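To start, the structure itself, in structure tokens.
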Number of protein chains: 2
Amino acid sequence: MARIAGSHGPTTAAAIRRAGLALIHRHGYEATSLRQLAAAVGLRPASLYNHFPTKQALLFSLIHDHMIDLLAGTEAALEAAGRGPLARLRAFLAHHLRYHLDRKAEVFIANFELRALAPGNHAAVIGLRRRYEGLLIGLLEEEAAAGRVTLPDAPVTAYAVLAMLTGACTWYKPEGRLDPEAIIALHTDLVLRGLAAAPPLARAASGPE
Amino acid sequence: MARIAGSHGPTTAAAIRRAGLALIHRHGYEATSLRQLAAAVGLRPASLYNHFPTKQALLFSLIHDHMIDLLAGTEAALEAAGRGPLARLRAFLAHHLRYHLDRKAEVFIANFELRALAPGNHAAVIGLRRRYEGLLIGLLEEEAAAGRVTLPDAPVTAYAVLAMLTGACTWYKPEGRLDPEAIIALHTDLVLRGLAAAPPLARAASGPE
DNA sequence: GAAATAAACGAACATACGTTCGTTGAACAG
DNA sequence: CTGTTCAACGAACGTATGTTCGTTTATTTC
């Protein structure tokens with residue numbers, strides 16, 4: 001009925017984050033109760049408050065940390081990429097997919113639970129997300145300026161590409177048929193071919209659409 | 001304090017559906033209370049039960065009807081399409097986007113609130129969704145068999161394409177810069193070029209990824 | 001016009017929620 | 001060894017939730 005032998009703050013906090021991630025991923029933020037969360041960590045509900053001030057703060061922390069990691073990882077990947085044509089764009093796509101397959105739960109929450117964020121937290125995350133989208137938009141514009149890519153509209157194209165890549169975290173299962181590298185290759189080809197500065201497609205002349 | 005003059009069952013039921021759609025779209029299913037919903041329609045909470053047996057049944061009805069409409073609309077669009085190369089695939093893509101831009105709320109809910117469905121309802125919707133994905137997978141395989149498309153993996157390619165197209169309903173705003181037809185054209189080009197049976201891309205030799 | 005049905009209501013139910021509080025005993029700093 | 005901090009606890013608070021019930025009056029049916 002008091003402090004448990006061997007209990008250690010940071011360890012417990014990490015366990016709460018881990019369990020929170022899994023529960024919110026599975027059931028959603030609103031549908032996840034602190035009693036469930038506490039039970040998953042082997043605590044009483046009140047004890048959670050030794051580690052997080054509110055449920056909302058936990059959600060924000062999970063999403064915010066993920067965005068920071070994603071941005072830092074991407075910037076490092078771009079840094080490490082060569083200067084060749086499309087090299088940085090390729091690096092962006094590969095990093096995005098690798099990260100999204102590797103950290104499905106974070107990504108899923110960051111995309112599906114944005115609405116559950118309080119206004120200030122929401123704005124902060126949107127800002128980070130804008131910065132991330134900006135990286136891709138910039139890469140697309142660079143390649144377009146060099147004539148290596150056709151780009152009717154940089155932002156919308158970026159949204160389309162991101163939606164496609166991010167979608168992978170919805171259906172991907174580690175035990176599935178394709179391994180991550182195959183999935184990365186498939187998506188990269190699809191995107192780069194789709195963007196390629198190529199003779200415009202013959203428009204359909206047969207159907208009504 | 002009793003039946004209101006001019007009240008009409010089907011009209012009220014439709015109003016509940018409309019308001020429920022908007023509220024769930026904005027706040028999510030779990031975060032939408034029946035008191036909010038009733039207030040939006042100008043009713044008391046108890047009166048909702050004259051029109052829907054449970055909150056869950058309302059959600060299921062919204063999602064289920066949407067899936068039925070989507071399937072029926074798609075089948076009609078394919079029927080109406082010509083037999084030319086890529087004609088049916090084009091028709092699928094155009095219909096999917098038009099529907100998704102037009103009925104953002106339904107689509108958003110059907111994709112984001114699946115977890116909130118009770119197991120039986122969930123299975124029913126997943127079944128319909130499988131059928132829908134199957135249509136695209138079939139089209140892709142037809143085109144691949146005719147040598148008009150490169151297809152490393154039909155299901156994963158279909159998921160990628162659907163994720164990209166469906167993503168549009170996340171960011172699309174009717175008052176935005178691009179009108180629906182421009183968005184449809186952009187996506188169609190991106191997808192068809194991406195799939196095109198073309199000389200494989202030179203793999204990057206410059207970057208580490 | 002009477003009987004049956006439809007569609008609203010107010011009041012209340014049990015339950016669950018996020019959170020606060022004071023307390024207790026382990027871990028750690030001097 | 002002592003005093004402080006840390007990390008757990010049980011109990012409770014106020015509020016909100018989905019839903020049920022019996023009642024009341026408009027509308028429809030015969």
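The structure presented is a predicted model; accordingly, all values stated were derived computationally and were not measured. Order of the sequence lines fixes the chain letters, A, B, ..., with proteins taken first and strands second; residue numbering starts at 1 for each chain.
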Looking at [X] and [Y], what are the two nearest heavy atoms and their distance?
| X | Y | answer |
| --- | --- | --- |
| B:Arg88 | B:Leu78 | O-CD2, 3.4 Å |
| A:Ala87 | A:Gly82 | CB-O, 3.5 Å |
| A:Lys55 | A:Thr32 | NZ-O, 2.8 Å |

Heavy-atom neighbours of B:Arg115 CZ exceed 12 at 6.0 Å: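 Check passes, neighbour count above 12.
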
Would you say a side-chain N or O of [X] is under 4.0 Å from OP1 or OP2 of [N]?
| X | N | value |
| --- | --- | --- |
| B:Arg44 | C:dG10 | yes |
| B:Thr54 | D:dG18 | no |
| A:His51 | D:dA8 | yes |
| A:Ser47 | D:dC9 | yes |
| A:Ser33 | C:dC17 | yes |

Check ion pair B:Arg90-B:Glu143 (N to O, under 4.0 angstrom):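 No.
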
Residue met sooner reading DNA chain C from 5', once B:Leu43 and A:Gln56 are mapped to nucleotides: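 Residue closer to the 5' terminus by nearest nucleotide: B:Leu43.
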
Closest-nucleotide ordering on DNA chain C, the 5'-leading residue of A:Ala31 and A:Pro53: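 So the residue in question is A:Ala31.
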
Side chain of B:Pro45 (C-beta onward), nearest among D:dC9, C:dA8, D:dT19: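 Closest nucleotide among those given: D:dT19.
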
Nearest-neighbour nucleotide for the B:Ala46 side chain, D:dG10, C:dT19, C:dG10 considered: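 Nearest listed nucleotide: C:dG10.
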
Roughly, in whole Å, what's the span from [atom1] in [X] to [atom2] in [N]?
| X | N | atom1 | atom2 | answer |
| --- | --- | --- | --- | --- |
| A:Tyr49 | D:dA11 | OH | C1' | 15 Å |
| A:Phe52 | C:dG18 | CZ | P | 15 Å |
| B:Leu58 | D:dG18 | CG | C1' | 13 Å |
| B:Glu30 | D:dA16 | CD | P | 18 Å |
| A:Arg35 | C:dA16 | CZ | P | 10 Å |
| A:His8 | D:dT5 | NE2 | P | 18 Å |
| A:Ile24 | C:dG18 | CD1 | P | 11 Å |
| B:Leu59 | D:dT19 | CG | C1' | 17 Å |

Quiz item: A:Asn50 side-chain donor-acceptor pair to D:dA8 base, under 3.5 Å: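 A donor-acceptor contact between them is present.
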
